[in-house]
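Residue numbers run from 1 in the order of the sequence given.
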Amino acid sequence: MTNNSYFYMTIEVLHPLVHSLTKSEKRYCRLMAGRQGGDKPDAARPNAARPDAARSFVRLFDCLLRHETPGEALTADLARQFPGATLEAARKYLYRVLMQSLRQYEGAKRLEVRIGQLLHDSQILYERGLVQFSQDQLEKARMLAEQQERGLYVVLAARQQVDQWVRWQFDGVDEPTLANQHALIRTQLEGTQTALHHAALYETLLLRYRTQGMMTSAADKLRLNDLLLEEYQLLNRQNRVGPHGRPGLMRSFAMQQQHLHFQSAYFRMIGDGEGSLRVYRELDALFQQNPTLWAEQPLYYVQLLEGILSDLRLLEQYADMPFFIDRLRLFDTPLQGLNHVVPYVVLYHSLLSLVDQRGYTDAADLLKTFLPQGPAFERGLAHLALPARTEFELLLIRLSVGQGQLSVGLRRLNRVLARPARSLPRPLYTQIRLMHLLLLARLGNADSLTYALRSVERKLSATGGGSEGEQLVIALLRHWLAGKSSAELLIHLDTFNGSPADHQLLRNLDVRPWAEAMTDGSQ
């Protein structure tokens, strides 16, 4: 990698990092820079920054903040502010101060940091001969880790205790105490290994769902049996009672959470929305009963609420969605990354409910008031995972089409189509292509539609022919191109008896509104 490419890569990292800071974090970073650069370095402070480094930090910091998006304007501004090689030192100093400031600013909020500080304090005290005080810090670390079900940290604290006993020649330690400590370490290691195994099963199932979508045939569902059998065997092992009367692993919050997440993903994958929703409600009750055990990992709570909303939408229970959308809206977490994402999740599900029910005017009003428009909105959208961002953009296209703004929808859809197919799950990419075909039909562009339709058919044929819902959309477009009665399109839809996945695809593509528009002769 050349120095030039490294420079651009680094600025592309620094720019979104600076813009992700809250007002209080920005003030703290400026304060840290001032403290580090306030005096000239001397023999007592050989690593202190010079005042000019602090000033360059402020200049670069403000320069990045002035530009909403990276580009030529930012590059030109940087060249004016930092001629020659002066940018390199400012960039390194900015990164160092930002990361050091954020570590200190967020340190007290992180459980792992608090436990790590106790372990470090213990080591310092022990090396200075304060053995009992050192052991007290380790006991605090172990108890905190056990309360929060962090098995690996329990092991670290317990092993550090044993290491100190060895070095102190087991002063005050008898064999039963040592045996209990070894048993604790073994139990925690077994529990952690089992939890990691369970997580691997859930993540494998979730990956299959993300890449393949819902299973639409008995043969596809049969392929899930390997994961189901493995999870069943794992649950049987978890249900035992541990050594020395310790509770069975299945009784821990983490194990119950993992099991329910696995079950909900399985029901969703086979298209059983009611089964998935039932499991999610059990999971919701578990989260409500144990708020302190997931506060450090709130992503799982957000995934829970998203899962409930997705199931309610699958079952067309739109009246129940606002309650869970409000719970997401009121959700707060010290994790800034998640705080940036959650408003978009709230907006997505709010818009989805309205667009599904053809409330286009209300959806457009919500889009104007809920989040800022323009570069800030698009930049926030770009921070979402690519599949989530693509689904959001397809929803915005549906809204534009529902309002009759076909050219606006087509421009955004063309940007989505330009993304590499390999970067998206196959069902999602196929949905994009089908949406493009339906939009071409709305525009009355039969020539472009004919060419694009052949391309899609070849792609589906190469991947097994596509689902029944995908084939239905192709058939409807063929009927329209052949000039057959538009009323027949609605008859095909009314008599279609596909899987839940197929019906969700038709809803995502607004096939019925499209067929009605073709029937009415309107766009």
> Judged by modelled atom types alone, do E457 and S461 share a side-chain donor-acceptor pair under 3.5 Å?
Replying inline: no

>> Side chains of R398 and M435, heavy atoms from C-beta outward: is any pair under 4.5 Å?
In response: yes

> Between F496 and H503, does the ring centroid distance fall short of 6.0 Å?
Replying inline: yes

> Centres of the F392 and Y348 rings: under 6.0 Å?
Replying inline: yes

>> Please enumerate all residues that pass salt bridge (charged side-chain N to carboxylate O under 4.0 Å, His left out) together with R426, with sequence neighbours excluded.
In response: E470

> Is the ring centre of Y300 less than 6.0 Å from the ring centre of W294?
Replying inline: no

> Do the ring planes of Y280 and H261 sit parallel (below 30°), tilted (30 to 60°) or perpendicular (above 60°)?
Replying inline: perpendicular

> Could R512 and E516 be called an ion pair, given the rule that one side-chain N must be under 4.0 Å from one carboxylate O?
Replying inline: yes

>> Quick one, D284 with R327, criterion salt bridge (charged side-chain N to carboxylate O under 4.0 Å, His left out). Give me CA distance, side-chain angles, the key distance, then yes/no.
In response: CA-CA 12 Å; D284 187 27; R327 282 178 56 181; 2.7 Å; yes

> Is V302 close to V341 at the side-chain level, that is, under 4.5 Å between some pair of heavy atoms?
Replying inline: no

>> Measuring centre to centre across the rings, with the benzene-like ring taken for any Trp, is Y209 within less than 6.0 Å of Y266?
In response: no

> Would a distance-only check, ignoring hydrogens and angles, find a side-chain to backbone donor-acceptor pair under 3.5 Å from D356 to S353?
Replying inline: no

>> For the backbone of H67 and the side chain of H19, can you confirm whether one donor and one acceptor N or O come within less than 3.5 Å of each other?
In response: yes

